[in-house]
Amino acid sequence: MIKTILCDLGNVIVFVNEDKLIKGLARFSNKDEKYIYRFFLNSKARKSFDIGKISENRLFTNFKNNLNLKLNFNQFKKIWCSCLIGLNKDIEKLLYKLKKNYQLVLLSNTDIIHFTYCKEKYRVLDIFDDFILSYKVGYKKPNSLIYLHALKKTGRFSGHILYIDDIKECVRAARFLGIKSIQYKNFKKLKIDLKKMNVKI
């Protein structure tokens, strides 16, 4: 019987479009968008930031120096959050229904800037019982350590947990540890998958 539902944040609860972030940085740089995207994708600073190993200021300084950005820290933060393009209203309504019967825990690869923004903007996050965030725990999905952390934090056996994520590799890693998992593709399919698992909505 499922007692806890772990839910991803990006592209499940909140839609993400990294193109907006890239285009935003390009407006303040002499580098083209392709260069900025490659840097963003491979940035060691960004990866360290995602697991809480460096500060916001160090991330900003690294990006500013490498991309020749002509902006201040507040402008950078605004652009950094521009990739968070809106709430998935269907999931929002679903979470309020699930809250009646299940412990809800957010399990997300996210950084302090993005999470602070989402927490302030999207009130649905207030209904979660706990947060397991990469920048706080020091490792990212699909690293098995983050799922083991979730098992310990919730105090549940893996068979009593359902996990929802849009990324196949993350779902596969959770299943490897015995956690029932659903890959989120669209809301209609999610409802069908939840019904198959006897989740009360």
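Hydrogens, waters and symmetry mates are skipped; everything else that's a heavy atom, side chains included, is used. Bear in mind the structure is a predicted one, so any value in this text is a computation, not a measurement.
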- Regarding Lys93 and the six-membered ring of Tyr96, is the cationic atom NZ or CZ under 6.0 Å from the ring centre and inside 45° of its axis? no

- Query: Around atom NZ of Lys47, are there more than 12 heavy atoms of other residues, nucleotides or ligands at under 6.0 Å?
  - Reply: yes

- Query: Side chain of Thr116, backbone of Ile113: donor and acceptor closer than 3.5 Å?
  - Reply: no

- Message: Counting neighbours of NZ on Lys23 that are heavy atoms of other residues, nucleotides or ligands and sit closer than 6.0 Å, is the number greater than 12?
- Response: no

- Task: Just jot down the ring-ring contact (aromatic ring centres under 6.0 Å, His included) partners of Phe176, sequence neighbours excluded, or say none.
- Result: none

- Query: Looking only at atom types and distance, does a side-chain atom of Asn88 sit under 3.5 Å from a main-chain N or O of Val12, one as donor and one as acceptor?
  - Reply: yes

- Under a 4.5 Å cut-off applied to non-hydrogen side-chain atoms, are Ile22 and Tyr35 in contact? no

- Message: So Lys200 and Tyr102, do their side chains get closer than 4.5 Å, heavy atoms only?
- Response: yes

- Item | Salt-bridge contact Asp193-Lys189 (side-chain N to carboxylate O under 4.0 Å) | yes

- Query: Are Asp130 and Lys153 ion-paired here, with the side-chain N under 4.0 Å from a carboxylate O?
  - Reply: yes

- Task: Name all residues meeting the side-chain hydrogen bond (donor to acceptor under 3.5 Å, both in side chains) criterion together with Tyr37; count only those two or more places apart in sequence or in a different chain, and write none if there are none.
- Result: none

- Query: Is Asn17 reaching over with its side chain to a backbone N or O of Cys83, donor-acceptor style, under 3.5 angstrom?
  - Reply: no

- With side chain to side chain contact (heavy atoms under 4.5 Å, CB included) as the test, would you mind laying out the steps for Leu21 and Ile36 before giving the verdict? CA-CA 10 Å; Leu21 190 160; Ile36 293 170; over 6 Å; no

- Tyr147 side-chain N/O to Cys170 backbone N/O, donor-acceptor pair under 3.5 Å: yes

- Task: Please work out whether the ring planes of Phe157 and His160 are parallel, tilted or perpendicular, with thresholds of 30° and 60°.
- Result: perpendicular

- Each residue besides Phe15 in its hydrophobic cluster should be listed here, by chain and number; the cluster joins Ile, Leu, Val, Met, Phe, Trp and Tyr at side-chain heavy-atom distances under 4.5 Å. Ile85

- Message: For the NZ atom on Lys180, are there more than 12 heavy atoms of other groups (residues, nucleotides or ligands in this structure) within a distance under 6.0 Å?
- Response: no

- Test item: Leu162 and Leu194 side chains (from C-beta on) under 4.5 Å apart, heavy atoms: yes

- Message: Would the distance check show the side chain of Ser134 and the main-chain N or O of Asp50 forming a donor-acceptor pair, the cut-off being under 3.5 Å?
- Response: yes

- Message: Once rounded to the nearest 0.5 Å, what's the spacing between atom CG of Asn66 and atom OG of Ser43?
- Response: 7.5 Å

- Message: Does Phe28 form a ring pair (Phe, Tyr, Trp, His ring centres under 6.0 Å) with Phe76? I'd like the steps, not just the answer.
- Response: CA-CA 10 Å; Phe28 294 90; Phe76 176 77; over 10 Å; no

- Would you please test Trp80 and Phe63 for ring pair (Phe, Tyr, Trp, His ring centres under 6.0 Å) and show each step? CA-CA 11 Å; Trp80 195 253; Phe63 268 68; 5.3 Å; yes

- Task: Test the Arg46-Phe40 pair against the cation-pi criterion, namely NZ or CZ under 6.0 angstrom from the six-membered ring centroid and within 45° of the ring axis.
- Result: yes

- Message: Using the salt bridge (charged side-chain N to carboxylate O under 4.0 Å, His left out) criterion, which residues pair with Lys99? Sequence neighbours excluded.
- Response: Asp129

- Item | Selection residues 169-179 - residue pairs positive for side-chain hydrogen bond (donor to acceptor under 3.5 Å, both in side chains), sequence neighbours left out | none

- Close side-chain approach of Tyr135 and Lys53, heavy atoms under 4.5 Å: no

- Give a yes or no on whether the backbone of Thr61 and the side-chain of Asn65 come within a donor-acceptor separation of less than 3.5 Å. yes

- Message: Any non-hydrogen side-chain atom of Ser144 less than 4.5 Å from a side-chain atom of Leu177?
- Response: yes

- For Lys191 and Asp90, run salt bridge (Lys or Arg N to Asp or Glu O under 4.0 Å): C-alpha distance rounded to whole Å, both residues' side-chain angles, the deciding distance at 0.1 Å, then the answer. CA-CA 10 Å; Lys191 286 180 74 176; Asp90 290 327; over 6 Å; no

- Query: Does atom NZ of Lys168 have more than 12 heavy-atom neighbours from other groups under 6.0 Å away?
  - Reply: no

- For Gln75 and Asn72, indicate whether the former's side chain and the latter's backbone hold a donor-acceptor pair under 3.5 Å. yes

- Query: Is Asp8 paired with Lys141 through a side-chain N to carboxylate O contact shorter than 4.0 Å?
  - Reply: yes

- Query: With no hydrogens and no angle check, is any side-chain donor or acceptor of Ser29 less than 3.5 Å from a backbone partner on Ala26?
  - Reply: no

- Query: Can you name the side-chain hydrogen bond (donor to acceptor under 3.5 Å, both in side chains) partners of Ser158, sequence neighbours left out?
  - Reply: none

